[in-house]
Amino acid sequence: MHTDSKISMAPELKAAMAALEDPTVAYVKTVTIDGDQAWAVYAADGTELAILADREVAFAAALSHDYVPVSVH
């Protein structure tokens with residue numbers, strides 16, 4: 001089960017996100033939960049906003065809440 005409320009990321013990515021901390025941006029990243037692939041949506045400060053089973057739904061959810069979704073690999 002996924003219980004972290006903050007995105008796990010490399011220090012370089014964390015620094016880049018902090019420098020660009022735009023409250024309108026949401027980051028979409030693949031995660032594995034109980035062996036299944038899912039897509040997590042995070043605010044610019046790294047706070048987890050949602051975990052969804054489909055990438056397109058993750059982007060649509062971000063857009064519907066006035067965020068600009070971008071992929072994080």
Side-chain angles (χ1 to χ4, degrees):
M1 176 179 255
H2 183 77
T3 59
D4 293 339
S5 63
K6 294 281 187 173
I7 188 172
S8 176
M9 64 184 107
E12 299 83 18
L13 178 57
K14 190 171 188 172
M17 285 176 67
L20 299 171
E21 200 167 297
D22 180 344
T24 65
V25 173
Y27 297 92
V28 179
K29 178 184 180 202
T30 58
V31 294
T32 302
I33 300 173
D34 297 330
D36 295 321
Q37 186 177 27
W39 282 261
V41 181
Y42 298 93
D45 68 357
T47 301
E48 184 179 280
L49 301 174
I51 296 178
L52 301 148
D54 182 271
R55 183 179 183 273
E56 290 180 16
V57 173
F59 272 75
L63 287 168
S64 72
H65 287 91
D66 298 323
Y67 287 100
V68 177
V70 295
S71 290
V72 176
H73 300 283

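Side chains are part of it too, since the values below use all heavy atoms of this structure and drop only hydrogens, waters and symmetry mates. We count residues from 1, following the sequence as given.
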Note: K29 and Y42 closest approach over all heavy atoms is CB-CE1, 4.3 Å
Is there a path from V72 to V25 through hydrophobic residues (I, L, V, M, F, W, Y) whose side chains come within less than 4.5 Å of each other? yes
When rounded to the nearest 0.5 angstrom, what distance separates CG in D45 from OH in Y27? 10.0 Å
For F59, does the CZ atom sit with more than 12 other heavy atoms under 6.0 Å from it, leaving out its own atoms? yes
Determine whether V41 and V57 fall in the same hydrophobic cluster, where Ile, Leu, Val, Met, Phe, Trp and Tyr are linked whenever their side-chain heavy atoms lie under 4.5 Å apart. yes
Quick one, Y67 and L49 - any side-chain contact, counting heavy atoms below 4.5 Å? yes
Which heavy atom in I33 sits nearest to a heavy atom in A38, and how many Å separate them? CD1-CB, 4.3 Å
